[in-house]
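This report refers to the structure that appears directly beneath it.
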Amino acid sequence: MTIITGSAARVFDHIDPGDAVGLITELVRIPSVSGSEAEQEIQEWLAAWLGREGLEVDHWEVPLAGLAAEPDFPGMEVPRKAAYGLVARLPGTGAGQSLMLNGHVDVVPPGDRDAWRTGDPFAGVLVGDDLYGRGACDMKGGLTSALLTVRALRRSGVPLAGDLLLACVVGEEDGGLGTYATLRRGWRADACVIAEPTGLDVVPANGGALTFR
């Protein structure tokens with residue numbers, strides 16, 4: 001058994017598994033399919049949640065036309081009338097390096113709804129220890145972990161040497177618009193952790209894609 005002490009113990013005191021279940025259920029029930037209005041709705045919901053938790057929040061409308069005209073724009077596979085970026089910041093003292101946690105809010109379409117054992121793919125139903133719903137694994141589970149990590153650090157009062165950023169991004173499932181827009185907004189960090197499902201393996205690499213006509 002690992003005994004957690006010191007600052008880490010102070011942070012863990014502010015993590016409740018019950019909160020994780022409640023939060024991921026709320027997120028799954030927002031049907032944020034790529035390009036849908038709910039993709040904008042979940043960003044608004046998260047911006048309000050992060051603001052209530054006392055974090056500095058940057059929630060902005062992405063200039064789609066301007067970004068799409070840039071030569072290195074990653075492309076979009078679904079049409080969008082609007083998209084929103086969201087970054088929350090827990091400031092450090094400035095003496096250390098910064099870290100960004102990155103999670104996408106969009107999900108792929110649910111497919112054949114009759115194939116879902118819970119009926120509604122966005123119901124967020126808990127069956128035993130498993131939560132069923134489109135996006136629960138990819139990646140609202142990881143996003144929930146990032147959200148509660150940042151909240152626990154803020155509530156614990158443990159001082160950070162560098163800034164901790166949380167980027168909630170759209171468009172990951174169809175090109176990478178959200179992270180591209182975040183970088184174009186000027187947000188940077190010395191390192192980034194993306195909470196994609198990997199079976200808890202650390203994957204120090206990235207998949208590549210090429211969008212072309």
Side-chain angles (χ1 to χ4, degrees), residues 2-17 19-20 23-24 26-27 42-63 67 70 72 74 83-106 138-172 176-208:
T2 301
I3 299 175
I4 301 173
T5 60
S7 295
R10 288 169 57 190
V11 175
F12 273 89
D13 283 343
H14 293 276
I15 295 179
D16 183 344
D19 290 346
L23 181 54
I24 189 176
E26 291 266 13
L27 296 179
I42 195 170
Q43 291 288 70
E44 185 176 349
W45 191 97
L46 287 165
W49 188 93
L50 290 162
R52 289 194 300 271
E53 289 300 328
L55 296 159
E56 299 176 6
V57 176
D58 184 16
H59 180 214
W60 74 95
E61 184 170 3
V62 172
L67 293 185
E70 296 191 12
D72 56 352
Y84 286 83
L86 176 60
V87 174
R89 174 175 175 263
L90 181 60
T93 64
Q97 294 181 312
S98 58
L99 174 67
M100 176 184 287
L101 305 179
N102 181 299
H104 69 85
V105 301
D106 59 313
D138 185 15
M139 63 174 294
K140 292 178 179 178
L143 181 59
T144 295
S145 297
L147 288 162
L148 294 182
T149 296
V150 174
R151 186 182 77 171
L153 281 163
R154 193 207 59 81
R155 289 186 175 184
S156 72
V158 171
L160 302 178
D163 289 351
L164 178 62
L165 307 175
L166 172 57
C168 304
V169 300
V170 302
E172 189 276 345
L177 162 70
T179 296
Y180 182 85
T182 299
L183 295 172
R184 284 296 181 269
R185 182 74 167 176
W187 287 106
R188 295 289 190 278
D190 294 300
C192 180
V193 174
I194 302 172
E196 285 279 3
T198 63
L200 300 183
D201 290 332
V202 176
V203 183
N206 66 281

| Does the side chain of Arg185 come within less than 4.5 Å of Asp58's, by heavy atoms? | yes
| Where is the tightest heavy-atom contact between Met139 and Pro197, given as atom of each residue plus distance? | CB-CD, 4.2 Å
| query | Between Trp45 and Glu26, is any pair of side-chain heavy atoms under 4.5 Å apart? | reply | yes
| field | Closest heavy-atom pair and its distance - Ala88, Leu50 | value | CB-CD1, 3.8 Å
| message | Testing the basics here: between Gln43 and Tyr84, what is the closest heavy-atom pair and its distance to 0.1 Å? | response | NE2-O, 3.0 Å
| message | If you compare all heavy atoms of Val62 against all heavy atoms of Gly85, which two are closest, and at what distance to 0.1 Å? | response | CG2-N, 3.6 Å
| Heavy-atom side-chain contact between Glu172 and Asp106 under 4.5 Å | yes
| said: Just checking Glu56: does its CD atom have more than 12 heavy atoms from other residues, nucleotides or ligands closer to it than 6.0 angstrom? | reply: yes
| query | More than 12 foreign heavy atoms under 6.0 Å from CD of Glu61: is that the case here? | reply | yes
| task | Quick one: pull up CE in Met100 and CG in Asp190 and give me the separation to the nearest 0.5 Å. | result | 10.5 Å
| query | Given side chains that start at C-beta, do those of Arg188 and Leu183 come closer than 4.5 Å, heavy atoms only? | reply | yes
| task | Kindly compute the distance separating CH2 (Trp187) from OG1 (Thr179), expressed to the nearest 0.5 Å. | result | 14.0 Å
| message | Looking at Gly162, is its backbone amide N or carbonyl O close enough to the side chain of Ser98 to form a donor-acceptor pair, meaning the two atoms are under 3.5 Å apart? | response | no
| said: If you compare all heavy atoms of Asn102 against all heavy atoms of Cys192, which two are closest, and at what distance to 0.1 Å? | reply: CB-SG, 3.8 Å
| said: Within the structure provided, determine whether His104 and Asp138 are in side-chain contact (heavy-atom separation under 4.5 Å). | reply: yes
| field | For Cys168, the option from Leu143, Thr182, Ile42 that meets side chain to side chain contact (heavy atoms under 4.5 Å, CB included) | value | Leu143
| task | Show your reasoning for whether side chain to side chain contact (heavy atoms under 4.5 Å, CB included) applies to Val87 and Trp60. | result | CA-CA 9 Å; Val87 174; Trp60 74 95; 4.0 Å; yes
| task | Grab the two heavy atoms, one from Ala152 and one from Ile15, that are nearest each other, plus how far apart they are. | result | CB-CG1, 3.6 Å
| said: Please report the interatomic distance CG(Leu164) to OG1(Thr149), rounded to the nearest 0.5 Å. | reply: 8.5 Å
| Heavy-atom check, side chain of Leu27 versus side chain of Leu147, under 4.5 Å | yes
| Taking the side chain as C-beta and beyond, is there a heavy-atom pair between Arg151 and Asp19 under 4.5 Å? | yes
| field | Leu165, Leu160, Asp163 screened by side chain to side chain contact (heavy atoms under 4.5 Å, CB included) with Leu90, the one that passes | value | Leu160
| task | Apply salt bridge (charged side-chain N to carboxylate O under 4.0 Å, His left out) to Arg184 and Asp72, showing your working. | result | CA-CA 11 Å; Arg184 284 296 181 269; Asp72 56 352; 2.7 Å; yes
